Amino acid sequence: FFLVVSVMVFFMGGWFNSLCSTYAGWRTPRVVFLDLDGNALKTKALPDIMHSATDFLSDEQLNVLIKLPDVFVAVTIACAFVLILFHPLRLMIIRRCAFLVGVINALRGLAVLSTMLPDPSPRCQLEFVDEALGAYKRVAPWPEVWHRTVQRMLLTPGDPPDCGDVLFSGHTAFIVANWCLFQYYCRPGTASIARGAEAFRKNARLARIARFCMTCACFCGVAITAMS
(Lines give C-alpha, C1' and ligand atoms only; values in the text may rest on other atoms or scores of the structure.)
Protein backbone atom coordinates (compact mmCIF):
# COMPACT_ATOMS: atom_id res chain seq x y z
CA PHE A 1 0.00 0.00 0.00
CA PHE A 2 2.72 2.48 0.97
CA LEU A 3 4.63 1.66 -2.20
CA VAL A 4 1.55 2.48 -4.30
CA VAL A 5 1.04 5.75 -2.43
CA SER A 6 4.70 6.70 -2.91
CA VAL A 7 4.55 5.99 -6.63
CA MET A 8 1.38 8.09 -6.93
CA VAL A 9 3.06 10.97 -5.08
CA PHE A 10 6.07 10.62 -7.40
CA PHE A 11 4.02 10.92 -10.60
CA MET A 12 1.70 13.62 -9.25
CA GLY A 13 4.65 15.71 -8.05
CA GLY A 14 6.43 15.25 -11.38
CA TRP A 15 3.35 16.31 -13.35
CA PHE A 16 2.76 19.36 -11.13
CA ASN A 17 6.40 20.36 -11.46
CA SER A 18 6.32 20.06 -15.26
CA LEU A 19 3.06 21.98 -15.43
CA CYS A 20 4.46 24.84 -13.35
CA SER A 21 7.74 24.87 -15.28
CA THR A 22 5.86 25.07 -18.57
CA TYR A 23 3.60 27.84 -17.29
CA ALA A 24 6.72 29.76 -16.24
CA GLY A 25 7.41 30.40 -19.94
CA TRP A 26 4.44 32.79 -20.02
CA ARG A 27 5.68 34.70 -16.96
CA THR A 28 9.40 34.86 -17.81
CA PRO A 29 10.41 38.53 -17.61
CA ARG A 30 12.52 40.21 -20.27
CA VAL A 31 14.87 42.49 -18.37
CA VAL A 32 17.13 45.09 -19.99
CA PHE A 33 20.14 46.05 -17.87
CA LEU A 34 21.52 49.59 -18.17
CA ASP A 35 24.85 51.09 -17.20
CA LEU A 36 25.23 54.38 -15.33
CA ASP A 37 24.84 56.32 -18.60
CA GLY A 38 21.63 54.56 -19.55
CA ASN A 39 23.17 52.37 -22.24
CA ALA A 40 21.92 48.80 -22.61
CA LEU A 41 24.28 46.05 -21.47
CA LYS A 42 24.65 42.57 -22.91
CA THR A 43 23.99 41.07 -19.48
CA LYS A 44 20.93 38.82 -19.45
CA ALA A 45 20.93 37.54 -15.85
CA LEU A 46 20.81 39.15 -12.43
CA PRO A 47 24.21 39.52 -10.71
CA ASP A 48 25.40 36.00 -9.94
CA ILE A 49 28.94 34.83 -9.25
CA MET A 50 28.54 31.58 -11.17
CA HIS A 51 26.99 33.27 -14.21
CA SER A 52 29.84 35.77 -14.17
CA ALA A 53 32.27 32.86 -14.39
CA THR A 54 30.78 31.93 -17.79
CA ASP A 55 30.86 35.38 -19.40
CA PHE A 56 33.81 34.36 -21.57
CA LEU A 57 31.83 31.53 -23.19
CA SER A 58 30.10 31.93 -26.54
CA ASP A 59 26.44 31.06 -27.03
CA GLU A 60 27.42 27.73 -28.62
CA GLN A 61 29.69 26.84 -25.70
CA LEU A 62 27.02 27.93 -23.23
CA ASN A 63 24.47 25.68 -24.92
CA VAL A 64 26.88 22.75 -24.44
CA LEU A 65 27.39 23.69 -20.78
CA ILE A 66 23.64 23.83 -20.22
CA LYS A 67 23.30 20.21 -21.39
CA LEU A 68 25.97 18.87 -19.01
CA PRO A 69 23.71 18.83 -15.90
CA ASP A 70 21.41 16.44 -17.78
CA VAL A 71 24.38 14.11 -18.25
CA PHE A 72 25.28 14.20 -14.55
CA VAL A 73 21.66 13.56 -13.56
CA ALA A 74 21.50 10.58 -15.92
CA VAL A 75 24.78 9.16 -14.57
CA THR A 76 23.81 9.54 -10.90
CA ILE A 77 20.35 8.06 -11.53
CA ALA A 78 21.94 5.10 -13.32
CA CYS A 79 24.28 4.53 -10.35
CA ALA A 80 21.35 4.80 -7.94
CA PHE A 81 19.41 2.28 -10.03
CA VAL A 82 22.28 -0.21 -9.78
CA LEU A 83 22.49 0.29 -6.02
CA ILE A 84 18.75 -0.23 -5.59
CA LEU A 85 18.77 -3.28 -7.85
CA PHE A 86 21.32 -5.14 -5.71
CA HIS A 87 20.36 -3.75 -2.30
CA PRO A 88 18.47 -6.11 0.04
CA LEU A 89 16.08 -3.31 1.05
CA ARG A 90 15.29 -2.26 -2.49
CA LEU A 91 11.52 -1.97 -1.98
CA MET A 92 11.91 0.28 1.03
CA ILE A 93 14.41 2.44 -0.88
CA ILE A 94 12.08 2.72 -3.86
CA ARG A 95 9.22 3.70 -1.57
CA ARG A 96 11.20 6.36 0.24
CA CYS A 97 12.88 7.78 -2.87
CA ALA A 98 9.64 7.95 -4.83
CA PHE A 99 7.88 9.81 -2.03
CA LEU A 100 10.72 12.26 -1.40
CA VAL A 101 11.31 13.03 -5.08
CA GLY A 102 7.58 13.58 -5.56
CA VAL A 103 7.47 16.05 -2.66
CA ILE A 104 10.61 17.83 -3.93
CA ASN A 105 9.09 18.18 -7.39
CA ALA A 106 5.89 19.61 -5.92
CA LEU A 107 7.86 22.13 -3.85
CA ARG A 108 9.90 23.05 -6.91
CA GLY A 109 6.71 23.75 -8.83
CA LEU A 110 5.53 26.10 -6.07
CA ALA A 111 8.91 27.85 -6.01
CA VAL A 112 8.83 28.34 -9.79
CA LEU A 113 5.40 29.98 -9.62
CA SER A 114 6.29 32.12 -6.61
CA THR A 115 9.32 33.98 -7.96
CA MET A 116 10.27 34.60 -11.59
CA LEU A 117 13.79 35.58 -12.60
CA PRO A 118 15.10 36.45 -16.09
CA ASP A 119 16.35 33.33 -17.84
CA PRO A 120 19.78 33.98 -19.44
CA SER A 121 19.62 30.86 -21.62
CA PRO A 122 20.25 31.79 -25.27
CA ARG A 123 17.32 29.60 -26.34
CA CYS A 124 14.99 31.34 -23.91
CA GLN A 125 16.22 34.79 -24.90
CA LEU A 126 15.37 34.01 -28.51
CA GLU A 127 11.71 33.63 -27.58
CA PHE A 128 11.50 37.41 -27.14
CA VAL A 129 12.77 38.18 -30.66
CA ASP A 130 11.82 35.11 -32.70
CA GLU A 131 8.11 35.15 -33.54
CA ALA A 132 7.98 31.40 -34.13
CA LEU A 133 9.66 30.40 -30.86
CA GLY A 134 7.80 32.96 -28.77
CA ALA A 135 4.40 32.60 -30.43
CA TYR A 136 2.98 30.74 -27.43
CA LYS A 137 3.61 33.78 -25.20
CA ARG A 138 1.02 35.73 -27.20
CA VAL A 139 -1.83 33.32 -26.54
CA ALA A 140 -3.73 32.54 -23.36
CA PRO A 141 -1.80 30.08 -21.14
CA TRP A 142 -4.86 27.92 -20.49
CA PRO A 143 -5.38 25.35 -21.90
CA GLU A 144 -2.23 25.69 -24.05
CA VAL A 145 -0.02 25.00 -21.02
CA TRP A 146 -1.58 21.51 -20.76
CA HIS A 147 -0.73 20.75 -24.38
CA ARG A 148 2.87 21.93 -24.02
CA THR A 149 3.28 19.95 -20.79
CA VAL A 150 2.07 16.75 -22.45
CA GLN A 151 4.41 17.43 -25.36
CA ARG A 152 7.39 17.98 -23.05
CA MET A 153 6.71 14.92 -20.90
CA LEU A 154 5.41 12.33 -23.36
CA LEU A 155 5.83 13.28 -27.01
CA THR A 156 9.18 15.09 -27.20
CA PRO A 157 10.80 15.01 -23.72
CA GLY A 158 12.66 18.21 -22.95
CA ASP A 159 11.40 20.03 -26.04
CA PRO A 160 10.30 22.76 -25.76
CA PRO A 161 12.71 23.57 -22.92
CA ASP A 162 11.79 25.26 -19.66
CA CYS A 163 12.22 29.01 -19.54
CA GLY A 164 11.99 30.98 -16.31
CA ASP A 165 12.40 28.25 -13.70
CA VAL A 166 15.88 29.35 -12.66
CA LEU A 167 15.33 29.76 -8.91
CA PHE A 168 14.95 26.14 -7.80
CA SER A 169 17.34 23.77 -9.58
CA GLY A 170 15.67 20.43 -10.23
CA HIS A 171 19.00 19.02 -11.43
CA THR A 172 20.65 19.89 -8.13
CA ALA A 173 17.75 18.36 -6.19
CA PHE A 174 18.04 15.07 -8.07
CA ILE A 175 21.83 14.96 -7.78
CA VAL A 176 21.77 15.68 -4.04
CA ALA A 177 19.00 13.11 -3.51
CA ASN A 178 21.11 10.45 -5.24
CA TRP A 179 24.12 11.45 -3.16
CA CYS A 180 22.08 11.09 0.04
CA LEU A 181 20.90 7.70 -1.18
CA PHE A 182 24.48 6.46 -1.48
CA GLN A 183 25.58 8.06 1.77
CA TYR A 184 22.77 6.42 3.74
CA TYR A 185 22.31 3.02 2.12
CA CYS A 186 25.87 2.29 1.09
CA ARG A 187 27.25 2.03 4.64
CA PRO A 188 28.51 -1.40 5.71
CA GLY A 189 27.33 -2.67 9.06
CA THR A 190 24.90 0.11 9.87
CA ALA A 191 21.51 -0.51 11.46
CA SER A 192 19.74 0.93 8.43
CA ILE A 193 20.78 -2.02 6.27
CA ALA A 194 21.26 -4.63 8.97
CA ARG A 195 18.64 -7.01 7.62
CA GLY A 196 20.23 -9.22 5.03
CA ALA A 197 22.95 -6.78 4.03
CA GLU A 198 25.86 -9.19 4.30
CA ALA A 199 27.16 -8.27 0.86
CA PHE A 200 27.53 -4.66 1.93
CA ARG A 201 29.20 -5.60 5.21
CA LYS A 202 31.74 -7.80 3.49
CA ASN A 203 32.56 -5.20 0.84
CA ALA A 204 33.26 -2.21 3.01
CA ARG A 205 36.03 -0.95 0.74
CA LEU A 206 33.80 -1.19 -2.33
CA ALA A 207 31.09 0.73 -0.50
CA ARG A 208 33.52 3.51 0.44
CA ILE A 209 34.77 3.75 -3.14
CA ALA A 210 31.20 3.96 -4.42
CA ARG A 211 30.35 6.73 -1.95
CA PHE A 212 33.52 8.65 -2.84
CA CYS A 213 32.86 8.42 -6.59
CA MET A 214 29.27 9.49 -6.13
CA THR A 215 30.37 12.44 -3.99
CA CYS A 216 32.81 13.60 -6.68
CA ALA A 217 30.23 13.21 -9.44
CA CYS A 218 27.58 15.06 -7.43
CA PHE A 219 29.96 17.90 -6.57
CA CYS A 220 30.86 18.39 -10.24
CA GLY A 221 27.23 18.14 -11.27
CA VAL A 222 26.06 20.74 -8.76
CA ALA A 223 28.90 23.11 -9.69
CA ILE A 224 28.18 22.89 -13.42
CA THR A 225 24.46 23.24 -12.78
CA ALA A 226 25.10 26.45 -10.85
CA MET A 227 27.25 27.78 -13.70
CA SER A 228 24.60 27.02 -16.30
Side-chain angles (χ1 to χ4, degrees), residues 2-22 50 63-109 111-112 121 149-162 165-188 190 192-193 197 199-200 203 206-228:
F2 292 108
L3 178 61
V4 174
V5 172
S6 297
V7 172
M8 291 178 59
V9 171
F10 174 80
F11 283 106
M12 292 173 61
W15 171 259
F16 180 73
N17 171 56
S18 296
L19 188 68
C20 294
S21 298
T22 304
M50 298 305 290
N63 283 327
V64 174
L65 180 66
I66 290 174
K67 296 178 181 179
L68 288 180
D70 294 334
V71 176
F72 278 93
V73 169
V75 170
T76 55
I77 289 180
C79 295
F81 177 79
V82 173
L83 174 64
I84 294 173
L85 183 64
F86 291 100
H87 201 284
L89 301 180
R90 61 183 66 88
L91 291 180
M92 184 181 70
I93 297 176
I94 293 174
R95 184 174 68 245
R96 290 180 174 181
C97 289
F99 184 84
L100 290 175
V101 171
V103 172
I104 290 174
N105 279 330
L107 293 176
R108 182 177 185 272
V112 169
S121 169
T149 303
V150 172
Q151 180 182 355
R152 289 186 59 255
M153 292 189 67
L154 302 178
L155 303 180
T156 56
D159 186 28
D162 298 335
D165 57 337
V166 296
L167 183 63
F168 192 132
S169 173
H171 291 83
T172 300
F174 270 98
I175 291 173
V176 172
N178 289 322
W179 177 80
C180 292
L181 172 65
F182 266 76
Q183 291 297 312
Y184 190 79
Y185 289 105
C186 200
R187 294 183 298 170
T190 57
S192 61
I193 58 173
F200 285 86
N203 295 278
L206 179 62
R208 294 190 185 98
I209 293 175
R211 291 169 59 191
F212 175 77
C213 293
M214 178 60 71
T215 300
C216 294
C218 291
F219 176 81
C220 295
V222 171
I224 293 177
T225 301
M227 294 176 66
S228 60

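Starting from 1, each residue takes its place in the sequence as its number. Since this is a predicted model, take the numbers as computed values, not measurements. Scope of the values below: all heavy atoms of this structure, side chains included, with no hydrogens, waters or symmetry mates.
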J.: Shortest non-hydrogen contact from Ser21 to Val112?
T.: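 Closest approach of Ser21 to Val112: CA-CG1, 4.3 Å.
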J.: Donor-acceptor pair, Arg90 side chain versus Leu85 backbone, under 3.5 Å?
T.: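 A pair under 3.5 Å: yes.
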J.: Nearest 0.5 Å please: distance from the CD1 atom of Ile93 over to the CD1 atom of Ile84.
T.: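 If I round to the nearest 0.5 Å, the distance is 6.0 Å.
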J.: How many angstroms lie between atom OG1 of Thr149 and atom CZ of Phe16, to the nearest 0.5 angstrom?
T.: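 Interatomic distance, Thr149 OG1 to Phe16 CZ, rounded to 0.5 Å: 11.5 Å.
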J.: Between Val150 and Trp15, is there a side-chain heavy-atom distance shorter than 4.5 Å?
T.: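 Trp15 vs Val150: side chains touch.
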J.: So which heavy atom on Arg108 is nearest to which on Asn17, and how close?
T.: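 Minimum heavy-atom separation between Arg108 and Asn17: NH1-OD1, 2.8 Å.
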J.: Roughly how far, to the nearest 0.5 Å, is the OG1 atom of Thr76 from the CG atom of Leu181?
T.: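 The distance works out to 10.0 Å.
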J.: Looking only at heavy atoms, what is the nearest atom pair of Phe99 and Ser6, with distance?
T.: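 Heavy atoms only, the tightest pair is CB-OG, 3.8 Å.
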J.: Give a yes or no on whether the backbone of Phe174 and the side-chain of Asn178 come within a donor-acceptor separation of less than 3.5 Å.
T.: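 Side chain of Asn178 to backbone of Phe174: a pair is present.
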J.: How far apart are the closest heavy atoms of Ile104 and Ala173, and which atoms are they?
T.: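 In terms of heavy atoms, the two residues are closest at CG2-CB, 3.7 Å.
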